[in-house]
Number of protein chains: 4
Amino acid sequence: MSVFNDVKSKTRHTIIRTASDLFYEKGYNLTGINEIIEESGIAKATLYSHFRSKEDLLLAYLDEKDQELLKSIKAFCASKPAGDEQLIAVLEFLIPFFEQEDFNGCWCIRSIAEVPRENVKVRTKIKSNKQAFRQFVLALVQSNKPELDKSQQQQLSNQLYLLYEGALTESHLQGAAWPIETSIGLLKDKLKKG
Amino acid sequence: MSVFNDVKSKTRHTIIRTASDLFYEKGYNLTGINEIIEESGIAKATLYSHFRSKEDLLLAYLDEKDQELLKSIKAFCASKPAGDEQLIAVLEFLIPFFEQEDFNGCWCIRSIAEVPRENVKVRTKIKSNKQAFRQFVLALVQSNKPELDKSQQQQLSNQLYLLYEGALTESHLQGAAWPIETSIGLLKDKLKKG
Amino acid sequence: MSVFNDVKSKTRHTIIRTASDLFYEKGYNLTGINEIIEESGIAKATLYSHFRSKEDLLLAYLDEKDQELLKSIKAFCASKPAGDEQLIAVLEFLIPFFEQEDFNGCWCIRSIAEVPRENVKVRTKIKSNKQAFRQFVLALVQSNKPELDKSQQQQLSNQLYLLYEGALTESHLQGAAWPIETSIGLLKDKLKKG
Amino acid sequence: MSVFNDVKSKTRHTIIRTASDLFYEKGYNLTGINEIIEESGIAKATLYSHFRSKEDLLLAYLDEKDQELLKSIKAFCASKPAGDEQLIAVLEFLIPFFEQEDFNGCWCIRSIAEVPRENVKVRTKIKSNKQAFRQFVLALVQSNKPELDKSQQQQLSNQLYLLYEGALTESHLQGAAWPIETSIGLLKDKLKKG
DNA sequence: GATGAATGAGAGTTCATTCAT
DNA sequence: TATGAATGAACTCTCATTCAT
């Protein structure tokens, strides 16, 4: 039984990994099902036995990517000393992230540009991803800024999130790291002076 | 003669307007040439006598949109009293912008998600659009913060640009205006205390 | 397994046969993919799963036609008594060939008129077809004229090939069999008198 | 009046020359009307005021080319001493012809591959061109072989014509001059030994 | 007589998906 | 479960031709 599931899971995961790489590199609409199955080394019908549609693959990709990210950034921040440094770490995380060879911006923002407005499933998934990320940032603020009241914590958390998103998107668009540095600068000012 | 040119210009402009609306609403790849010509009320070959390819239409769309935007935001800022208020206006501009019924985020960021990495033409156009916008922001900073030195002006300009981009992208993604307010808050802090 | 292969082969061969008939009758450029699939009774995507492009179909057509031809003419010549008669048979073969209802000249010569000069693939295929034919003629000369030296055999072979090609092309162009008779006459003279 | 006609003729002739070059180089179907007008430097409607259709241009092209050819080959043969040498000259003419940089085979044979079987106009034109050529060859035989009877003259003329056509087509297909040499060899044998 | 703009019909190709085995 | 074959709908783009001026 568990062997069965494992085998199934393995194939399924191979597909997700392949699709993820391709979707992230080339974009969702510019990646064909044929490319995915060729690179995965499986048959087309096999893919469709694991995923009802290409859209399902997109959802799995968004899930995979965000789980990876959350795990990485949580570890990164936890490795820093408590206090402001952990908050700044959220942005500093973006530097090695940006420097990864396959860096291609934020999959959520890129994907939202590729599906129709009516596509509630995908758009909900993306919002939920971002919500989870904001939750992580808020928790980080709460544990590192216990002196602030709830409303101030929420506000700071929002600002940090915004700086993160701006830095991520702009470093991609500009093909340069300066937006990350700019974000970090803004945050440090903020933390220092108020 | 001028009649001829007008006729030509008219058709051409009709196409750009139609394509712009569709590209912005549905995205580039999800908008077919057939939709554009049907909505424009012209024949397919007419479109292709005005634009060599769909990609050319994308470039025209990016140009059209950015020219519009720059004109609007320049007017909006100029309508505010000189000083910090003109800088804040850059972000405040996003509120009515966001409230427009057809608001769908930043066409540049959305378009960059839709073309292959190798597409130098489009990516260059997008960067050049953003460069022009950054130039506008820098000029605004220079004229409203003459007391700062060049390097400080550049830094502030970068920060303002980043807040603008973050607010724009996030208000779109979240479907809410709070990222704009958050950006404005951050900027006001910065201007007050630093 | 073999059933699978057979099914695949069947469809593939149906396509080639249909395309061959149409290409030979109407010409390559004047035959549309739509005609081929309609006549084949298959879907467009099915065709493109068997052949990467229309050009690939052209190559398959050239191959199919030449294999058929070589088989036929070899059988025809083998049915004649050894000696000069086998050489003359090469030209005599053209008489029933010309009389076939669907006779439309030489597919190689017709095809070479339809593809751009730069199309190396097709032009190479055509040359290779003709090379195979010349090889057949040369072998026939060698086995039926052992008394000649190599150079003489080559020369006679070239002459026979040339008469074949001229008769084929001209019987088509003129819509008459006399060029074949003329070729045969010339060859007989040649064989008789040296 | 004559000025008018001359102007008209000039434009018309420019078009024919341009179309001829393109048709001969690229083939009829692969040459677009747009290319012709661009290269001619005229407007599309101007072309259509001189030629009812692209087919009419094809007819003009076939006419132009054959008139040129007949003039050239007649001059070439006339420059040789009377007798067998004038007959051989018909084939020798092909050597410099083949060596011309823009040599691309026989326009008649190439064109016949490009129009539908039903196209009587073009096919008739091509046959009539070839008929005129055969007439020229026959006249040459008659004046250089007065000792032969009518039937023999006709036969020799047909053979010469066939060798010419074979050499022309094959030198093109093979991209080599040997078919011309082979044809000449066959003819010389024939003339020598009867 | 000459023109630029516009066109309907069709080209070849690719897409995500499903079916039969 | 896994597969190779097949599909309808859609894609971008080009053709020879005609119309209004």
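Each chain gets a letter, A, B and so on, in the order its sequence line appears, and its residues count up from 1.
Applying the 4.0 Å criterion to OP1 and OP2 of F:dT1, one finds that A:Thr11 has every side-chain N and O outside that range. A close approach under 4.0 Å does not occur between any side-chain nitrogen or oxygen of A:His50 and OP1 or OP2 of F:dT1. A close approach under 4.0 Å does not occur between any side-chain nitrogen or oxygen of A:Ser49 and OP1 or OP2 of F:dT3. The side chain of C:Tyr48 contributes no N or O atom lying less than 4.0 Å from OP1 or OP2 of E:dT14. In this structure, B:Thr46 reaches the E:dT7 phosphate: one of its side-chain N or O atoms is under 4.0 Å from OP1 or OP2. In this model, the phosphate group of F:dC11 is approached by a side-chain N or O of B:Asn34 to a distance below 4.0 Å at OP1 or OP2.
Between B:Ile37 atom CD1 and F:dC11 atom C1' the separation is 12 Å, expressed in whole Å. Rounded to a whole Å, the CD1 atom of B:Ile42 is 16 Å from the P atom of E:dA9. Summarising the geometry, the separation between CZ on B:Arg12 and C1' on E:dG4 is reported as 15 Å, rounded to the nearest angstrom. Rounded to an integer number of Å, the gap from C:Leu58 CG to E:dG12 P is 12 Å. One can place CD of D:Glu38 at 12 Å from P of F:dT14, the figure rounded to the nearest angstrom. Look at OH on A:Tyr28: it is 12 Å from C1' on E:dC15, rounded to the nearest Å. Rounding to whole angstrom units, CG of residue D:Leu30 and C1' of F:dC15 are separated by 12 Å. Rounded to an integer number of Å, the gap from B:Phe51 CZ to F:dT12 P is 15 Å.
Mapping C:Asn29 and D:Ala43 onto DNA chain E via the closest heavy atom, the residue that lands nearer the 5' end is D:Ala43. Comparing A:Thr31 and D:Leu47 by the nucleotide of DNA chain E that holds the closest heavy atom to each, the one mapping nearer the 5' end is D:Leu47.
With F:dG4, E:dT17, F:dT7 as the choices, the nucleotide that has an atom nearest any side-chain atom of A:Lys54 turns out to be E:dT17. Out of F:dC11, F:dG8, E:dT18, the shortest distance to the side chain of C:Ala45 is found at F:dG8. Listed nucleotides: E:dA2, E:dG12, E:dT17. Nearest to the side chain of C:Lys44: E:dG12.
Across all strands shown, E:dA2 is found opposite F:dT21 as a Watson-Crick or G-U wobble partner, with both distances under 3.5 Å.
Qualifying side chain to side chain contact (heavy atoms under 4.5 Å, CB included) partners for C:Asp66, counting only residues two or more places apart in sequence or in other chains: C:Trp107, C:Cys108, C:Asn129.
Each of A:Thr14, A:Ile16, A:Ile15 was evaluated against A:Arg12; a single residue qualifies, A:Ile16, per the side chain to side chain contact (heavy atoms under 4.5 Å, CB included) test.
Salt bridge annotation for B:Glu64-B:Arg17: present, with a cationic side-chain nitrogen under 4.0 angstrom from a carboxylate oxygen.
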Show, in sequence, the C-alpha distance, side-chain angles and deciding distance for A:Thr46 and A:Ile37, and conclude whether the side chain to side chain contact (heavy atoms under 4.5 Å, CB included) test is met. CA-CA 9 Å; A:Thr46 303; A:Ile37 60 161; over 6 Å; no

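The stretch residues 51-62 of chain B participates, sequence neighbours left out, in these side-chain hydrogen bond (donor to acceptor under 3.5 Å, both in side chains) pairs: B:Glu55-B:Asn119.
A:Ile33 comes within 4.0 angstrom of a base, heavy atoms only.
A donor-acceptor contact under 3.5 angstrom links the side chains of D:Asp63 and D:Gln67, judged on distance only.
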